[in-house]
Amino acid sequence: MSTNYTYDYIIKYIIIGDTGVGKSCLLLQFTDRRFQPAHDLTIGVEFGARFVDVEGKKIKLQIWDTAGQESFRSITRSYYRGAAGALLVYDITRRETFDHLLIWLEDARQHSNSNTTIMLIGNKSDLESKRAVSYAEGEAFAQQHGLFFMETSAKTADNVEESFVDTAKDIYEKIKQGVFDVSNESNGIKVGGHLQPKTLPLNTDNGNNCC
Amino acid sequence: MDFFSRSYKGLLGEKGQPQSVEDTVAKLVDRASSSTLLEDRRAAILGLKGLSREYRQEVGEKGIGALLHILNEDRADIDTAKAVLEILNILCTPDRQDSATDVAIKFTDEIVQNSANINLFLDILQEYDFYVRFHDIQLLGTLLAIRPDHVQDCVLTAPMGISRLMDLLGDRREIIRNGKLNILWSKGLLLLISLTENNADIQKIVAFENAFEKLLEIITEEDGLNGGIIVQDCLHLILNLLRYNVSNQNFFRETSCIQKIPPLLNFSAEYQHQGFDLEFLTQDWHEQKIANTIVLLELIKILVVPNNMNTVTNQNVMIQCGVLKTVIELSLSSNAPSIVKSHSLYALADLIRGNQNGQEYLAKTVVPVPHPSQSSENDAKSSSYDQILIPPRPAVMSLIVVAVGAEYLESYSTRAAATYAFESYTFNNINAQLVLASTLTPPPDDNPNSEIIIAKPQSAGSLLLSALLEWEDSEADPYVVWFASVIFSHILMNNERSKEYARGIFFGDGDDNGEENITLLHTIAGNLMIATRQNAERQNADVRVLIGYLCTLCIWLWDSPISVREFLSESGHLQMLITSITQSSGVDARVQGLCAFLLGICYEFNHNLDPQITKSTLQQILLNRIGYDQFVNRITRLRESPHFKHASQYLQVNNSIINYFNEAARGLPELYFDYAFVEFFKNNYGKIIKCWISQNS
């Protein structure tokens with residue numbers, strides 16, 4: 001059980017992108033290492049969590065998987081600001097999901113923290129025969145907008161682990177460089193107890209808190 | 001106030017003649033929106049504020065649009081912003097009486113129909129001035145109370161909406177030293193509570209904004225459950241975030257918040273796995289602490305609702321991190337007041353229901369025995385610990401003791417909760433049933449002359465049996481027998497080996513002085529016969545005793561031909577059933593129904609083991625002495641009786657007002673049927689009705 005596990009950092013992610021591109025499946029593959037072909041439509045937002053290891057640091061990823069449908073857009077925006085990482089997902093077999101990336105990106109840029117690391121993900125790479133967006137196009141889009149890029153398959157698990165971990169690596173790099181104000185949790189990062197230079201003991205002595 | 005009087009005088013016209021209110025309001029609104037000088041606009045607003053209480057309708061109808069516009073434009077001016085918010089709040093607050101048709105509703109609708117207005121109010125939360133924020137929060141609360149859905153939707157679509165609200169719960173250490181900020185803080189908390197009521201999306205965003213961690217931190221800083229009403233409010237908000245919200249429940253668990261529950265209950269971590277924490281067992285229970293504890297227990301229950309997807313995972317975390325141990329000791333060994341114990345026992349029940357780990361944990365747990373004087377409130381601290389602690393006994397036995405009131409009398413709801421917890425322990429747990437059945441034989445008696453019951457060595461089972469058979473005092477407390485019969489039924493339910501153990505129990509000295517040994521089954525049936533007679537003669541047998549015994553027999557004989565044979569071997573038993581069923585008056589309909597059901601069970605599971613009373617004998621009796629229609633009617637009437645239909649699923653004592661008046665004199669709850677029995681009956685009565693026919697054809 002991971003529940004008692006201590007962590008060095010907690011990092012919040014969100015997953016965004018059009019409906020049906022496989023956001024929930026990516027999350028499920030990452031947290032539970034399984035694939036569910038007939039996943040229910042996400043309503044609002046769902047939560048998942050997992051530990052990853054970056055340079056020997058235990059990082060707990062808290063991931064909010066958002067609904068892609070237009071009608072939930074206004075709700076999901078509330079999650080942008082508090083996330084340090086965002087996975088922006090499209091479906092390589094459906095051109096329109098790629099065409100909508102600009103809208104998503106604008107939305108994310110407008111509502112999120114300027115330091116948020118965004119990873120562009122072309123999902124469903126197992127469906128090569130139905131491909132409608134080439135790898136080069138995805139890569140070019142990412143380069144143009146300063147995003148990381150990866151093609152994944154939630155079905156075969158190809159690159160799924162990497163996409164989450166590489167995002168964490170970049171965020172960790174930013175933490176080391178002092179880009180994030182880690183004392184402010186609304187930036188989507190929380191430092192584990194033993195790494196914090198000065199903290200007040202919270203749960204240690206319940207016997208006599210006199211003041 | 002100079003500008004105020006100046007402008008107001010100006011409105012009175014040249015000759016100072018009085019004007020109508022409408023005219024005055026119209027002029028003020030006009031000035032407020034079109035004067036070039038901020039000072040003039042502000043003066044007009046203050047004029048409107050002066051009129052708004054008395055002439056709510058006029059000010060609202062003429063001014064609401066202008067006021068909102070002004071707030072948008074002039075909000076940088078503190079006095080204007082403050083006054084406008086105050087006016088809007090006055091306009092939207094209904095008078096107590098006749099609130100449905102109040103103009104306040106109309107004005108509220110006018111405001112909330114445009115989400116930009118709510119956004120504006122949310123933005124204003126960031127302002128520095130105390131009174132601006134105070135009236136702003138007040139106004140949001142007023143609107144929310146009248147049109148919760150609208151306001152919730154608006155807040156959701158404002159990207160920073162929830163963040164602004166959560167900012168109100170900022171650094172509490174700063175706030176606590178500042179009385180004014182403290183007020184804003186509490187108001188903000190209450191606003192969040194009503195905002196998160198029944199809206200899963202808002203609940204998730206609030207959780208995303210680190211609400212759990214913030215709130216738990218605040219609770220700890222406020223001295224946990226010993227703290228004041230703030231603790232209750234914080235817990236209430238957490239409860240709102242978790243109720244019916246699986247995603248947030250996962251988040252709560254994954255952020256290790258469950259582990260923070262035992263320390264909140266003042267349960268020290270060093271006793272998490274062994275030993276007893278005396279400080280925990282003997283706390284001071286003030287009223288606010290009781291309220292706080294009950295909300296926290298409610299929170300535990302929300303995470304382990306029977307049959308939910310996440311229940312088993314949550315249960316396991318709670319077992320592992322000491323929540324279960326905390327709850328067991330709070331329920332069975334502490335000096336907590338009865339109402340806390342009853343909530344705690346229900347939590348205990350849900351913590352182990354359907355979870356083998358939890359059931360095993362309970363089975364091997366021993367708990368200190370509270371001293372009788374412990375259960376009364378105030379002298380708790382004065383009694384010595386030695387008396388409470390020695391000797392510890394199995395928790396399961398303590399459950400039975402509480403349920404049947406063997407040592408000290410708890411409230412009915414606490415006893416019902418203990419019974420329900422016991423049901424959870426035996427639910428899908430054949431081993432537990434067998435272990436308990438094997439303790440039905442009393443342990444060897446060291447001192448047969450001892451008169452004190454407690455001094456006798458007791459096992460869980462023998463203690464249960466003495467309660468089960470003690471029906472003579474049932475007028476004062478029929479629930480000794482009733483709870484005992486529910487518990488006993490759950491030991492036997494669908495478990496032939498348990499039934500076999502039970503059939504091996506007999507009473508009497510037997511061989512030594514020539515008396516016949518009487519088996520347990522016959523003793524229960526015999527008690528039932530006497531109690532039935534006494535009940536008919538309006539003597540001291542409560543109908544609950546009859547129902548308790550009959551339900552027990554139904555469970556015992558179901559699917560157990562050997563038990564059926566034993567029951568029928570005494571001809572009086574069958575006679576009693578026939579008499580009860582055929583009486584046209586004077587017998588409780590529920591009792592008649594149960595007798596018919598039991599007779600049906602005797603028929604269905606009669607494998608002709610006894611040549612004296614075979615299936616066809618019973619069929620003749622049914623056809624000739626009772627009549628098939630009457631048989632069916634009796635069963636139907638039971639099925640339709642209100643107490644049967646509305647049996648509480650969690651064996652909860654119903655404290656309705658009707659009950660209060662009906663039974664006030666005796667103070668007895670309206671518990672007649674265990675839900676598990678009702679389910680058992682509903683699943684099987686069809687079969688019992690039809691079995692006679694299929695045999696016929």
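Here is how names work: the chains are called A, B, and so on, in the same order as the sequence lines, proteins then strands, and each is numbered from 1.
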Would you indicate whether A:Gln36, at its atom CD, is surrounded by more than 12 heavy atoms from other residues, nucleotides or ligands within a distance under 6.0 Å?
-> yes
Should B:Asn210 and A:Lys12 count as side-chain neighbours, where that means a heavy-atom distance under 4.5 Å?
-> yes
With rounding to the nearest 0.5 Å, note down the distance linking CG in A:Asp65 to OG in B:Ser247.
-> 9.0 Å
In terms of side-chain geometry, is the basic nitrogen of A:Arg81 or B:Glu209 positioned less than 4.0 Å from the acidic oxygen of its partner?
-> yes
Where on B:Ala158 is there a heavy atom nearer than 4.5 Å to chain A: the side chain, the backbone, both, or neither?
-> backbone
Sort B:Ile162 into side chain, backbone, both or neither according to what part of it lies under 4.5 angstrom from a heavy atom of chain A.
-> neither
Please name the pair of heavy atoms, one in A:Gln62 and one in B:Thr255, separated by the smallest distance, quoted to 0.1 Å.
-> NE2-CG2, 2.9 Å
Could you walk me through whether A:Lys60 and B:Glu254 pass the side-chain contact (heavy atoms from CB on, under 4.5 Å) test, one step at a time?
-> CA-CA 10 Å; A:Lys60 182 156 194 176; B:Glu254 290 296 329; 3.6 Å; yes
Under 4.5 Å heavy-atom distance to chain A, tell me which part of B:Met166 shows up: side chain, backbone, both or neither.
-> neither
Output the distance between atom OG1 (A:Thr76) and atom NZ (B:Lys204), rounded to the nearest 0.5 Å.
-> 11.5 Å
Heavy-atom neighbours of A:Lys155 NZ exceed 12 at 6.0 Å | no
Only one of A:Tyr13, A:Tyr80, A:Tyr79, A:Phe47 passes ring-ring contact (aromatic ring centres under 6.0 Å, His included) with B:Phe208, and that residue is A:Tyr79
All heavy atoms of B:Thr157 vs all of A:Ser74, minimum pair found to be CG2-OG, 3.2 Å
So do the side chains of B:Glu213 and A:Lys190 get within less than 4.5 Å of each other, counting heavy atoms only?
-> yes
Minimum heavy-atom distance between A:Ile75 and B:Ile205, given as atom pair plus value | O-CD1, 4.0 Å
